[in-house]
Amino acid sequence: MLICHYKMQYDFKKIELKWQKHWDESKLYSQYDYTKPKFYALDMFPYPSGAGLHVGHPLGYIASDIVSRYKRLKGFNVLHPIGFDAFGLPAEQYAIQTGQHPEITTENNINNYKKQLKRIGFSFDWERELRTTEPKYYKWTQWIFSLLFDAWYNPKNNKAENIKTLLEKFATEGFEGKLWEHYTEQEKGRILQNFRLAYQKETYVNWCEELGTVLANDEVKDGLSERGGHPVIQKKMKQWFLRITPYADRLLDDLNKINWSNSIKEIQKNWIGKSVGAEIYFNIQEFDNYRLTVFSTRPDTIYGVSFIVLSPEHDLAKKITQQPYKESVNAYIKSAQTKNERQRQQVKEVSGVFTGSHALHPLNGNALPIYLSEYVLNSYGTGAIMAVPAHDERDHAFAKKFNIKIIQVIESDENINTQEKPISTKKGHLINSENFDGLDVQIGSEKILTKLVNEAKAKRKINYKLRDTGFSRQRYWGEPFPIIHENSLPKLVKDLPVKLPQVSNFTPTGDGQSPLSSNKKWVHTEKGLRETDTMPGYAGSSWYFLRFMDPKNEKNFAGKKAIRYWQEVDLYIGGAEHATGHLLYARFWTKFLFDLQYIPFDEPFKKLINQGMIQGESKLLNAGNRLLHIPLEYTNNLGQLTADNFIKLQKADKRFENILWENLQPKNNIVELKNQTEKMSKSKFNVVNPDDICEQYGADTLRLYEMFLGPIQDSKPWNTQGIEGVHRFLNKLWNLVFNEQTVLIQDVEPAKDSLKTLHKTIKKITNDIENFSFNTAISAFMIALNELSQQQCRSKNIIEPFIILLAPFAPHISEEIWHKLGNTESIHKSKWPTFDTSYLVENSKKYPISINGKVRTTLEFALELDQKEIENLVFQNKIVKKWLEGKKVRKFIFVPNKIINIVLG
RNA sequence: GCCCUGGUGGUGGAAUUGGUAGACACGCAGGACUUAAAAUCCUGUGGCCUCACGGCCGUGCGGGUUCAAGUCCCGCCUGGGGCACCA
């Protein structure tokens, strides 16, 4: 007879698919109980690209899923939604490349993402799924735009208000000394554009020829587009802007009330770039009718001013130039104009030109030559500076080149000759500053400024680097503006949504017009011409976290009740690369909606975690002058390139066509490859697909491994070999519960040491989740399981709570074991165990005994012993005696529960 | 140049308030089971010296504080990120 030894194996695939289907069908994660306290855990919603997910993407989702599941078990009503940010450049570029309509490629990409995400077993409420590209969603994006258009920032109340209050003000006070009713409709429209929070203005913008669109400042890195790395130039165009600048101070100050990483806060601080100083006025010797205004943060250095510099674009540049200097000044202005900002920055040598005119020093009346130079930016401050060469590096270089006086006004500890090198410190005291001599710099600065302000020669002023943000794109794939231009004045369209129309060709036109303009029927309306630009990618993502609270609401962007219940996001997880884009705009829109009293909170994300990058291991071939990425499938198991594979590679990849095998210096027909750890990307052939991992090891293993790799915030390399460890852990757990045929777990009284293991693990895991220390939690699970195995623990009272602890991390295997132990409800609806300190109490402690700071042995003492008794016991110890031989004991240090240290003379 | 972060075995990484550095894994080496392999289990694994007992050195480098420093202070070196003629 054939005996069939049926082994109950850990069949992860079967288990995982079964429970995923079950959870889906029972809508387990779409159930809410509003009597419980709320917890809102959100991931930065994904941008569905054509490449699909790699193992780096789910890292943050796994973390937020663990927290969400944990919070549910702790009795919270958890909102954990997901959606897709699908408008914008990448989707459109992909569509253009593949020649398909972006609507189709987006739909395909989203479906692929959903399939991948679902396989990992996240507890997302898919009922609340949203897409920024759906008209029923972007209707409300357009609605918020309408609010911005119809709002102004009232500096008196320090908040945004409906434009009505501005009109009331103008009606009673007039505008610029003229009654409001005396302005024409056109004039009124133009004036209001200077106040609206969404407005059009003609100005220099970041134009990317290759992408055929303008870009926001945060979408440009080092003069190149963030997407694709194409050159970006400054072009004068009429564009939509959002007036974020009045919010600068609040965006800065409120960083103090949110729990974000230091580095992100710093990045936003720098981006906002607040500097406190003054505008100081300089009369001009040669012109009575003009006055110069400079911005300075260092009024203390005013007696050190020896010249004035204007930017080449400064309004007065040409007006104040004296006849003999006109030619050289014009030439200089012209040459500056031909360069874009990037080219200007690259030129490090000092350049400039004298105007022939002089400014008068406001305090001592000295005549100061006025120059033009590129190092002064027209877009910052007033586009003019007072130059203090003794205390500013750039001014110093300029003075040297043009042979201008260098006047030292600060004396510090640094022994520097200011004729050679500037002193940039703010510590020291003033000299050469008339009756301010001898004062400390800080105090002197304030006194000088007070004097200037009192004499109406200066005004206190705060400047920001933050600029109003460009809000229009000349592209097809974005939200249309709800705007029709009537008599060349923009007017809101009331009937929303304004649906994105069909066009015959959605590729960029390249002439600064959006592809929408080709649909003449759509553009021409009875009232006037429609706005044909579209909104940028960040429009939809600036408020989506609000929509998730009430995603199906047709009357409002979200219902009042839902907003009041869910409030701000408690935990937000996503990449740090959005520091100056999405994260700033979302804060801005939140504050705006708060001002208009649509929401009762003014920060969107209470706690933010930036997950690190998971890097891939690339293989690089040194082909003479360049390094080429080699797809992994062409390397052998030692990571080398063989001659056979090289031939195949040459057929498959054009990059290798003209490379000769001999030139690669093969040894025994093998070429060594260089290893490199870098960002995962398709083009680097180092991408690991989570689908493959789920197939081979299962979703639970993938989840555990991603968490086990290291701290969530850190970047770390992926190494598929290491996954065996966590996979073995799950197998061990399985084998603890099941043997060949049956469940081994019984309802028996647990052993004392098992209780201790359990309770210290409850404590540790709870702590670790609260601190987002998931990697140490996994190792605690491993330690616990090793101990329980050692103890041969089979007690249900131990195993059940243990797998509840594990459920947030490995939801499938926990659910399976839970049911096999006889439970019928889902484990994810059970209760988080609490730990009982009484099981952790020890009655003795093992003390390290160190002599002169070096640990020599350990001794165990009962806790009730006092220091004297312990001291006696320590000195009786053989090893201790050996070390004490011939030495004198200086000191005996006993730190209860920590250590014992003997200091010898 | 300025700001923010890191630097710990062959690798990923542990280490409450300063209190046994290297937990937990991977990898590697040896062993058990097996005809053999896979799987599993056990043992070892920072470096150097020693048959061993044991000792010396060791958290980027150099100083310091302390009974005691990966942890605190001062000065450097270096990886990553951000800002950058911003007055």
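These numbers were taken from a predicted model, which means no experiment stands behind them.
Distance Ile879(A) CD1 to G55(B) C1': 13 Å, rounded to the nearest Å. U8(B) atom P lies 12 Å from atom CG of Asp714(A), rounded to whole Å. In this entry the distance linking NZ of Lys878(A) with C1' of C53(B) reads 11 Å, nearest Å. Across the protein-nucleic acid pair, Asn378(A) atom CG and C86(B) atom P stand 15 Å apart, rounded to whole Å. Between Glu706(A) atom CD and G12(B) atom P there is a gap of 17 Å when expressed in whole angstrom units. Between Ile712(A) atom CD1 and G12(B) atom C1' the separation is 15 Å, expressed in whole Å. Protein atom CZ of Phe398(A) is 18 Å distant from nucleotide atom P of A87(B), rounded to whole Å. Atom-to-atom, CZ of Arg890(A) to P of U66(B) comes out at 13 Å; the value is rounded to the nearest Å.
Using a 4.5 Å heavy-atom threshold, the side chains of Tyr303(A) and Ile407(A) count as separate.
Trp718(A) comes within contact range of no nucleotide atom at all, as no heavy-atom separation falls under 4.0 Å. Residue contacts shown for Lys716(A) are limited to sugar-phosphate atoms, with no base heavy atom under 4.0 Å away. Counting non-hydrogen atoms under 4.0 angstrom, Lys269(A) reaches nothing in the nucleic acid.
Nearest to the side-chain atoms of Val903(A) among the listed nucleotides C67(B), G12(B), G13(B) stands C67(B).
Distance check on atom C1': C33(B) versus A38(B) gives 12 Å, rounded to whole Å. Comparing the P positions of C61(B) and U78(B) gives a spacing of 15 Å, expressed to the nearest Å. Spacing between G63(B) and G12(B) at atom P, rounded to whole Å, works out to 28 Å. Rounded to whole Å, the C1' atom of U8(B) lies 29 Å from the corresponding atom of C42(B). One C1' atom belongs to A23(B), the other to G9(B), and the distance between them is 13 Å to the nearest Å. Separation of the P atoms belonging to G62(B) and G13(B) is 25 Å when rounded to the nearest angstrom. Comparing the same atom, C1', in G64(B) and in G10(B) gives a spacing of 34 Å after rounding to whole Å. Separating the P atom of G30(B) from that of G82(B) is a span of 47 Å, rounded to the nearest Å.
In this structure, G6(B) is classed as anti because its glycosidic torsion departs from zero by more than 90°.
Nucleotide U66(B) has no partner under the Watson-Crick or G-U criteria, as no pair reaches both atom distances under 3.5 Å. Applying the Watson-Crick and G-U wobble criteria (two distances, each under 3.5 Å), U11(B) pairs with A25(B). For U71(B), there is no paired nucleotide, since no Watson-Crick or G-U wobble pair has both relevant distances below 3.5 Å. When both distances must be under 3.5 Å, the Watson-Crick or G-U wobble mate of U40(B) is A32(B). Using Watson-Crick or G-U wobble geometry with both donor-acceptor distances under 3.5 Å, C86(B) finds no partner in any strand shown. The partner of C51(B), taking Watson-Crick or G-U wobble pairs whose two distances both stay under 3.5 Å, does not exist in any strand shown.
Between Ser373(A) and C85(B) there is no side-chain N or O to OP1 or OP2 distance below 4.0 Å. Dashed line: the shortest gap from a side-chain N or O of Tyr380(A) to OP1 or OP2 of A87(B) is under 4.0 Å. At the phosphate of C56(B), OP1 or OP2 sits under 4.0 Å from a side-chain N or O atom of Arg856(A).
Every residue meeting the side chain to side chain donor-acceptor pair (under 3.5 Å) condition with Ser261(A), not counting sequence neighbours, appears here in chain and number order: Ser263(A). Under the side chain to side chain donor-acceptor pair (under 3.5 Å) criterion, Glu885(A) pairs with no residue at all, not counting sequence neighbours. Judged as a salt bridge (charged side-chain N to carboxylate O under 4.0 Å, His left out), and not counting sequence neighbours, Asp700(A) has no contacts. For Lys764(A), the salt bridge (charged side-chain N to carboxylate O under 4.0 Å, His left out) criterion is met by Asp768(A), not counting sequence neighbours. Evaluation of the salt bridge (charged side-chain N to carboxylate O under 4.0 Å, His left out) rule for Lys845(A) yields no partner, not counting sequence neighbours. Checked against side chain to side chain donor-acceptor pair (under 3.5 Å), His727(A) has the following partners two or more places apart in sequence or in another chain: Thr701(A). By the side chain to side chain donor-acceptor pair (under 3.5 Å) test, Glu770(A) is found to be paired with Tyr70(A), residues two or more places apart in sequence or in another chain being considered. With sequence neighbours left out, the salt bridge (charged side-chain N to carboxylate O under 4.0 Å, His left out) criterion links Arg460(A) to Glu446(A).
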Might you list the N or O atoms of the protein lying below 3.5 Å from N or O atoms in nucleotides 1-7 of chain B, with each pair's distance?
unit_1, atom_1, unit_2, atom_2, d
C3(B), O2', Glu266(A), OE1, 3.0
U5(B), OP1, Asn262(A), ND2, 3.2

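For residues 386-398 of chain A, the pairs satisfying salt bridge (charged side-chain N to carboxylate O under 4.0 Å, His left out) are Asp392(A)-Arg394(A), with sequence neighbours left out.
Within residues 382-391 of chain A, the residues approached by RNA chain B to less than 4.0 Å at the level of any non-hydrogen atom are Ile385(A), in residue-number order.
Residues Arg394(A) and Gly710(A) each lie close to RNA chain B; by heavy-atom proximity, the contact nearer the 5' end of the strand is made by Gly710(A).
None of Phe781(A), Phe729(A), Phe802(A) except one satisfies the ring pair (Phe, Tyr, Trp, His ring centres under 6.0 Å) rule with Phe809(A); the exception is Phe781(A). None of Asn901(A), Val874(A), Ile879(A) except one satisfies the side-chain contact (heavy atoms from CB on, under 4.5 Å) rule with Ile849(A); the exception is Val874(A).
Between Phe307(A) and Phe402(A), a ring centre-to-centre spacing not shorter than 6.0 Å is recorded. Ring to ring, Tyr697(A) and Tyr705(A) are not that close: their centroids are 6.0 angstrom or more apart.
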Summarise protein proximity over nucleotides 19-26 of chain B in one line of letters, 5' to 3': B for base, S for sugar-phosphate only, - for none, counting protein heavy atoms closer than 4.0 Å. BB--BBSS
